[in-house]
Amino acid sequence: MHFREAALVLPPGFYRERLEGMASTNLEVGAGGRAGATRGRRQLSDRSLQRLFILPTLILLIVWNVFPLFYSLYLSFTEYSVISREAPVWVGFENYAWVLNNDGLWESFATTGTFALLSVAIQTVLGFGLAMLLREKFKGSGLVTTLLLIPMMLSPVVVGLFWTVIFNPSFGIFNYLIGFTNPAVAPDWLALPNTALWAVVIVDVWMWTPFVMLLVLSGLSAIPEYLYEAAAIDRASAWFQFRRITLPQVAPLLLIAVLFRTIEAFKAFDLVMGLTGGGPGDATEVVAVNLYRLAFLGQFRTGRASALAYVVLVIIIAVSNLYIRYLNKIRDAD
Amino acid sequence: MRTLWKVLLLTAILALGVGSVVTAQETVDELTIIWAEWAPSDYLQQIGNLYEEETGIAVNVIQEPWGTYFDRVSAEWAAQGDAFDMVVGDSQWLGQAATQGHYVDLTDFLTSEGIDETVTPATLTYYGEYPTGSGRYWSYPTEGDADGWAYRTDLFEDPEEMAAFEAEYGYPLAVPETWMQLMDIAKFFTRPDEGLYGSAIYTQIDYDALTMGVENVLFSWGADWKDENNNVQGVVNSPEAVSALEFYRELYACCQPPGMSNAFFQEVNDAYVAGQVAMAMNYFAFFPALANPQSNPYAEVTGYFANPAGPDGDRFAALGGQGTSINAYISPERQQAAMDFIRWFAQEEIQQQWAQLGGYTTNSNVLNSPEFLEVAPYNAAFAETMTFVKDFWNIPIFGSLLSIAQTEMHEYIVGGEGTAQEALDTIAEEWDEILRDEGVIE
């Protein structure tokens, strides 16, 4: 309902009473009262009210998002520790040079990239597969879908902690399920450098495949049935239908799912901390864990941590842009 | 309009004035202490309740989980906040807190009233003094703590086990006097088919656990983190340090239960309580859980011993524990009230009560009293350990040094990658660079 329409249902004289009230208040204050009343009337215009309603959100956004964003950008060019009582000292691009020349951080980026690639690729394939299976309605399909969604509703820290129990070689069920019945020779997934990252990927896939499945499922349900009917009349094979109808129709939503998951994978932190703490050594030390160590845990290198955060931000924006361009290309092709 | 502004201004001035008067006359009727979430905090709350009975000033102990304890305190420092009056903080924080002005300097208070002479010298140095040797104190040593061992007496005193051990190793099975004997015992009891392993040791990478575990052997091997001039090259990666790290790795590889690749106090106690291990390394502060039959089915058959000696007879234990400091951002009245509490708390009879409750007193007289040694089964080992404790760096950049040590040692010990020499060479190299950048090394 437009504001003007809303005003129509207000009691008669609603505005008049208020304006008179304001005018009398202004008169009591002093000679400028009438001018004040005029100003008050002007402030109550539709546009002013719209601005008034937007203002709280705008202030919150500025205080919680915009200011920290620009302040941290400033801090990234300074030598500063948040717990010291010393003002930030401008050091130019020194922090960025440190980040870009730090071998350990590049290793973290490589670990993050590997994790994101493996995790998102497997989630996409499995999520798509599950959605295709659940597309056909069967008895209890609603319940199955709901149950499949549970992992993504859990807290990553909780998931990390209970998967450490599942992976435990002594009493965890994971090794048993894959055929290692003797704990003495079963692999310790979280302790071995060549399996620890896979362990994190497995848990991430378990947790977030339902998210991809959900988006693909909604894409599949939106495909008009007549497309398949027309293809069937033309005797198109199932593979042809999948390649020429299903995949193109679902692609935009699938890409959005992949985009979200890629961004999240680059920011992975709580799951990794809960599972391995970044270990063994730095085998699973993704960039967010590295950033946390730099910003907190006794180091408090706020300037350097801000610079690293901005490098991560630039990478995420660049990767996201690639996805979005591809997404737009698909839409244009349609 | 101008009149309105004048009225508003006058009101503001009056409000400020009244506020100042109120502030000047501030009476303190409650004190807040922040500490980690564990049993000693409960004991401190009970001590605080006694203080309230005597003085009418309530003492509230806020407990923060260990994982977020430092984050919580440092966030308050960053905000220069007054959410707590006192903090029972780690020894490693001293450098940061002292140099950055978060703690009140307690030197005059502790020395003029003789409180400094009531506690053991080692605890005063490690928990209270910064810089080391300067004679400037920032904390009252409150909870003494260090690493020690719990062991299964039913296994150690089983005649068949004793005979088998002596037959295999040529000496009687008993509490180990050297780390090498500890290794023999750990290997002897490691029987994966029975679900039994020799020992549980610290391996956690998250904060400082692994480094604290390694310190026990590193210092006992005659190695150190630095020399008297803070040099690290040739010290951290000395042959003794390499040998000590290889020993710790071997102890982990041979005798740690599977799945304990990121283990700290909780995981170690869990393994012991589950009957998985014959011996468990842990801070003494976590042994009450093992002495309690309700939480440990082996409580009646659990003994405790202090760290054994290294190859040349050196004995050291990694320091735990904390000291009470006063928040510099509270009002002078609250600072005075906090000092009054510390003065009261430091009295010998209160320290006796603190010890009886389960707190690890640092008071020399109480620590050596027969009552203390007998009040808990692990107290004798604790009192012995507190004579040979040693700590990590406590300079403001300790966090950067710790992070490197944790990663490199975890990679070698848990990940099994590279050699001890390579791990320690990397630590020495990176530490050297940081220490020179920060001016710690000229």
Side-chain angles (χ1 to χ4, degrees), chain A residues 26 28-33 36 81-86 98 103-104 107 157 164-172 175 182-194 196 273-285 289-290 292-302 304, chain B residues 1-4 67 70-71 73-80 90 92-93 96-97 99-102 191-193 195 197 203-208 210 256-262 271 274 276 396-404 406-418 423 430:
Chain A
N26 284 321
E28 281 165 26
V29 170
S81 170
V82 72
I83 62 163
S84 75
R85 292 204 292 185
E86 290 165 12
W98 180 84
D103 293 340
E107 280 175 29
V157 175
T164 55
V165 178
I166 291 172
F167 278 130
N168 189 295
S170 293
F171 46 80
N175 277 336
N182 182 1
V185 294
D188 191 344
W189 284 77
L190 302 175
L192 302 170
N194 51 350
M273 284 302 282
L275 273 170
T276 63
D282 56 2
T284 59
E285 191 164 291
V289 172
N290 210 317
Y292 170 67
R293 291 196 202 289
L294 200 58
F296 302 101
L297 277 185
Q299 296 200 51
F300 295 101
R301 309 296 293 255
T302 314
R304 282 182 179 179
Chain B
M1 193 67 174
R2 197 168 291 169
T3 317
L4 178 67
F70 190 38
D71 287 348
V73 172
S74 52
E76 200 63 19
W77 289 349
Q80 301 187 15
D90 263 351
Q92 294 155 14
W93 306 354
Q96 263 177 355
T99 57
Q100 295 169 355
H102 308 305
R191 300 158 189 174
D193 293 341
Y197 294 84
T203 53
Q204 196 182 59
I205 191 174
D206 297 12
Y207 180 49
D208 69 351
L210 177 63
Q256 182 94 332
M260 290 192 67
S261 56
N262 203 24
Q276 271 193 299
I397 50 153
F398 82 91
S400 301
L401 306 181
L402 184 62
S403 179
I404 292 164
Q406 286 280 104
T407 304
E408 294 303 324
M409 293 197 297
H410 199 264
E411 191 165 345
Y412 168 66
I413 292 166
V414 174
E417 293 198 322
E430 294 190 24

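Numbered from 1 within each chain, the chains take letters A, B, ... in sequence-line order.
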Contact winner vs chain A - [options], heavy-atom pairs under 4.5 Å:
{"options": "B:V414, B:L401, B:D208", "result": "B:V414"}
{"options": "B:A75, B:A97, B:A78", "result": "B:A78"}
{"options": "B:G415, B:P192, B:P258", "result": "B:P258"}
{"options": "B:Q204, B:E411, B:E408", "result": "B:E411"}

With a cut-off of 6.0 Å (strictly less than), are more than 12 heavy atoms of other residues, nucleotides or ligands near CZ of A:F296?
no
So for [X], is it side chain, backbone, both, or neither that comes closer than 4.5 Å to the heavy atoms of chain A?
{"X": "B:Q96", "value": "side chain"}
{"X": "B:N262", "value": "side chain"}
{"X": "B:L402", "value": "neither"}
{"X": "B:M260", "value": "backbone"}
{"X": "B:Q80", "value": "side chain"}

On a heavy-atom basis, the closest approach of A:R85 and B:Q100 is NE-O, 3.2 Å
Identify the heavy atoms of A:R301 and B:S400 that sit nearest to each other, and give their distance.
NH1-OG, 3.7 Å
A:L297 versus chain B, the contacting section by heavy-atom distance below 4.5 Å
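When you check distances to chain B, atoms from both the backbone and side chain of A:L297 fall under 4.5 Å.
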Part of A:F167 within contact of chain B (heavy atom distance under 4.5 Å):
neither
Measuring from atom CZ of A:F300 to atom CD1 of B:I397, what distance do you get when rounded to the nearest 0.5 angstrom?
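Spacing of CZ (A:F300) from CD1 (B:I397) equals 14.5 Å.
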Pairwise distance CD(B:Q276) to CZ(A:F171) - rounded to 0.5 angstrom
6.0 Å
Non-neighbouring partners of B:Q256 that pass side chain to side chain donor-acceptor pair (under 3.5 Å), sequence neighbours left out
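Expected list: none.
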Looking at A:G172, A:G104, A:S81, A:S84, which one has more heavy-atom pairs under 4.5 Å with chain B than the rest?
A:S84
With chain B as the partner, which of A:I83, A:N194, A:T302 has the greatest number of non-hydrogen pairs under 4.5 Å?
A:I83
Pairs under 3.5 angstrom only: tabulate donor-acceptor contacts from the side chains of residues 276-285 of chain A to other protein residues two or more places apart or in another chain.
residue, atom, partner, partner atom, Å
A:T276, OG1, A:V272, O, 3.3
A:T276, OG1, A:G278, N, 3.1
A:T276, OG1, A:T284, OG1, 2.6
A:T284, OG1, A:G278, O, 3.1
A:T284, OG1, A:G279, N, 3.3
A:T284, OG1, A:G279, O, 2.7
A:E285, OE1, A:R293, NE, 3.2
A:E285, OE2, A:N290, ND2, 3.1

